[in-house]
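Because the structure is predicted, anything quoted here is derived from the model rather than measured.
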There are 2 protein chains.
Amino acid sequence: MTRGRPLAFSPDQAIAQAMQVFWAQGYNSASTRDLLVAMQISRSSLYQAFGNKEQLFLEALHRYRDNLVARLERKLTASPSALTFIEGLFRDTARDACSERAALGCLIFNSASELGQRGDVPSREAAVAVAAIKQLFHQAVLQAQAEGDIDANRDAAMLANYLTLSMAGLRTLLKSGASAEDAGGAVEQVLIGLR
Amino acid sequence: MTRGRPLAFSPDQAIAQAMQVFWAQGYNSASTRDLLVAMQISRSSLYQAFGNKEQLFLEALHRYRDNLVARLERKLTASPSALTFIEGLFRDTARDACSERAALGCLIFNSASELGQRGDVPSREAAVAVAAIKQLFHQAVLQAQAEGDIDANRDAAMLANYLTLSMAGLRTLLKSGASAEDAGGAVEQVLIGLR
DNA sequence: TGCATTATGGAACGATTGGTTCTAAAGTCC
DNA sequence: GGACTTTAGAACCAATCGTTCCATAATGCA
């Protein structure tokens with residue numbers, strides 16, 4: 001099957017490590033050296049396996065997006081209702097205010113904020129990832145409407161935008177050092193708007 | 001009065017130009033060269049007048065914050081009511097979705113997102129600037145309660161957090177390329193939560 | 001006219017950036 | 001053993017990073 005010397009590292013794990021670096025530092029501030037150290041591979045391996053820094057970032061962002069969406073979809077189906085899923089997601093995020101995780105924020109919103117509307121591939125991919133989050137909220141809202149927890153007459157796409165906005169705002173609030181009480185209070189207000 | 005050779009540039013204008021660079025590129029990505037070109041001064045003048053890049057950023061952030069708060073306070077007092085001020089602020093921001101201005105976002109939220117909880121001075125100052133925005137919303141909510149447009153029984157501090165979260169989220173949404181319709185719809189939902 | 005003081009332009013600093021290329025060794029399959 | 005691929009590491013590139021230094025220019029004061 002595979003000819004030649006086999007890979008000495010797991011591309012999956014390597015991407016996961018690179019993802020952590022981009023997550024903590026952002027795309028521009030993450031140097032290739034930082035990535036090499038975290039990935040525990042040599043320079044030649046990085047360029048042979050992933051091309052360059054930009055392509056590695058795209059792989060990491062893609063991975064993050066896929067993992068996040070899959071995790072949330074599992075959570076959604078495991079929840080007693082779509083509304084409790086949404087409520088739990090926001091409340092858990094707010095409750096986690098003081099953790100390292102909250103300080104990192106979300107790679108997708110971080111990237112959208114950093115890369116803005118530059119027009120290059122990483123910027124567009126960040127926007128695509130935001131759209132994936134919005135799409136998941138849309139799905140949850142539709143389900144909650146079918147379950148009778150949200151008025152079926154309300155525009156589900158609009159509510160999906162509202163929830164995406166709210167989650168992005170919550171992450172920024174947490175990044176600026178908001179307490180769990182402050183974040184939790186604001187989140188309850190967000191959730192009131194759903195019903 | 002002043003001894004020695006006089007300054008050949010206006011520190012005010014120079015800071016304003018530097019602010020634009022930090023605004024468009026972020027703190028880390030803004031190079032000293034970019035700053036020098038925009039400020040139209042020489043390298044030595046920058047370090048003599050402002051110390052270093054970090055201190056220059058702090059001056060720019062401070063300036064941005066003071067200008068923003070002053071402008072919003074003027075707008076608040078000029079508005080027929082505090083509620084119309086809040087509504088107008090959010091609607092105008094959403095309506096402006098496709099402008100360059102919207103693509104830049106807000107320097108304060110940009111900085112909070114980029115610098116996160118690093119613990120250094122720029123990071124802390126970004127958090128202070130977010131707190132200033134929150135404080136302004138708090139003031140507007142209290143006034144709206146006094147004017148009978150918001151239920152006086154509701155927690156004004158909580159609503160201020162809610163509005164800060166919403167504005168931060170709106171800016172992230174616009175940075176990810178949301179249309180004026182999408183942003184406007186989400187904003188209406190945000191405003192419904194106030195009443 | 002000199003002196004003190006401050007600002008200026010520009011060179012230069014050492015370190016680091018992302019990216020590429022090279023070499024020699026090592027591992028695996030046929 | 002030969003074909004093939006990956007490995008580690010060094011070297012290199014031009015560019016950039018933030019910062020420092022120095023001689024010079026421009027002003028007020030004596």
Side-chain angles (χ1 to χ4, degrees), chain A residues 1-15 17-61 111 114-115 118 120-123 125-126, chain B residues 1-61 111 114-115 118 120-123 125:
Chain A
M1 297 292 175
T2 57
R3 308 271 294 221
R5 180 172 174 175
L7 279 172
F9 64 95
S10 155
D12 270 16
Q13 290 182 13
I15 292 176
Q17 293 303 314
M19 190 178 74
Q20 298 288 335
V21 175
F22 287 124
W23 198 352
Q25 306 194 26
Y27 175 66
N28 286 303
S29 293
S31 74
T32 54
R33 262 105 178 161
D34 296 332
L35 292 164
L36 294 181
V37 170
M39 299 167 80
Q40 297 270 44
I41 64 176
S42 75
R43 205 160 201 83
S44 39
S45 297
L46 188 152
Y47 282 91
Q48 169 134 353
F50 303 106
N52 57 28
K53 179 184 169 181
E54 176 177 311
Q55 292 175 40
L56 177 60
F57 172 73
L58 294 178
E59 294 250 29
L61 179 62
S111 301
E114 176 187 1
L115 306 176
R118 291 198 319 199
D120 56 8
V121 179
S123 166
E125 282 302 312
Chain B
M1 296 293 176
T2 56
R3 308 271 292 220
R5 180 172 173 173
L7 278 172
F9 64 94
S10 155
D12 269 16
Q13 290 183 12
I15 292 175
Q17 294 302 315
M19 189 179 74
Q20 297 288 334
V21 175
F22 286 124
W23 197 354
Q25 308 194 27
Y27 174 67
N28 285 305
S29 292
S31 73
T32 53
R33 256 111 174 159
D34 297 332
L35 293 164
L36 295 182
V37 170
M39 299 167 79
Q40 298 269 46
I41 63 175
S42 77
R43 208 160 200 85
S44 42
S45 297
L46 189 152
Y47 281 90
Q48 167 130 354
F50 303 106
N52 57 25
K53 179 183 168 182
E54 177 178 312
Q55 292 175 40
L56 177 59
F57 171 74
L58 294 177
E59 294 249 31
L61 180 62
S111 301
E114 177 187 0
L115 306 177
R118 292 197 319 200
D120 55 8
V121 179
S123 166
E125 281 302 312

Under 3.5 Å donor-acceptor, B:Glu114 side chain and B:Tyr27 backbone: yes
Plane angle bin for A:Phe22 and A:Phe57 - parallel if under 30°, tilted between 30 and 60°, otherwise perpendicular: perpendicular
Atom-to-atom span, CE of B:Met39 to C1' of C:dT8 - whole angstrom: 15 Å
Nearest non-hydrogen partners of B:Leu58 and B:Pro122, listed with the distance: CD2-CA, 3.9 Å
Members of residues 16-36 of chain B that approach DNA chain C, where some heavy atom sits under 4.0 Å away: none
Polar side-chain contact B:Ser44-C:dG9 base: donor and acceptor under 3.5 Å: yes
Within 6.0 angstrom of B:Gln55 CD, more than 12 heavy atoms from elsewhere: yes
A:Gln55 CD - C:dG19 C1' separation (whole Å): 12 Å
Please output the side-chain donor-acceptor pairs of residues 37-46 of chain B that fall under 3.5 Å, not counting sequence neighbours, one pair per line with the distance.
from: B:Ser42; atom 1: OG; to: B:Ser44; atom 2: OG; distance (Å): 3.2
from: B:Ser42; atom 1: OG; to: B:Ser45; atom 2: N; distance (Å): 3.4
from: B:Ser42; atom 1: OG; to: B:Ser45; atom 2: OG; distance (Å): 3.2
from: B:Arg43; atom 1: NH2; to: B:Thr32; atom 2: OG1; distance (Å): 2.7

Below 4.0 Å: OP1/OP2 of D:dT7 and any side-chain N or O of A:Ser45: yes
Candidates D:dA26, D:dT7, C:dA12 - which lies nearest the side chain of B:Arg43: C:dA12
Atom-pair distance (CZ on B:Phe9; C1' on C:dT6), nearest Å: 12 Å
Listed nucleotide nearest any side-chain atom of B:Ala8, set C:dT28, C:dT8, C:dG19: C:dT8
Rounded distance (Å) that lies between atom P of C:dG9 and atom CG of B:Leu46: 12 Å
Side-chain heavy atoms of B:Asn28 within contact of A:Asn28, under 4.5 Å: no
Nucleotide nearest B:Lys53 (side chain, heavy atoms from C-beta), chosen from C:dT8, D:dG18, D:dT7: D:dG18
A:Tyr47 side chain near C:dG19 phosphate (N/O to OP1/OP2, under 4.0 Å): yes
Taking N or O atoms only and anything under 3.5 Å, show me the protein contacts with nucleotides 24-26 of chain C, one pair per line.
from: C:dA26; atom 1: N3; to: A:Arg5; atom 2: NH1; distance (Å): 3.1

Euclidean distance, atom CD of residue A:Gln40 to atom C1' of D:dA8 [Å, nearest integer]: 13 Å
Reported CG-to-CD distance for the pair B:Leu61 and B:Glu59, which is rounded to 0.5 angstrom: 10.5 Å
A:Phe50 and A:Phe9 aromatic ring geometry - parallel, tilted or perpendicular at 30°/60° bounds: tilted
From A:Asp120 atom CG to A:Glu125 atom CD, the distance as rounded to the nearest 0.5 Å: 10.5 Å
Length of the CG-C1' vector between A:Leu56 and C:dG18, whole Å: 13 Å
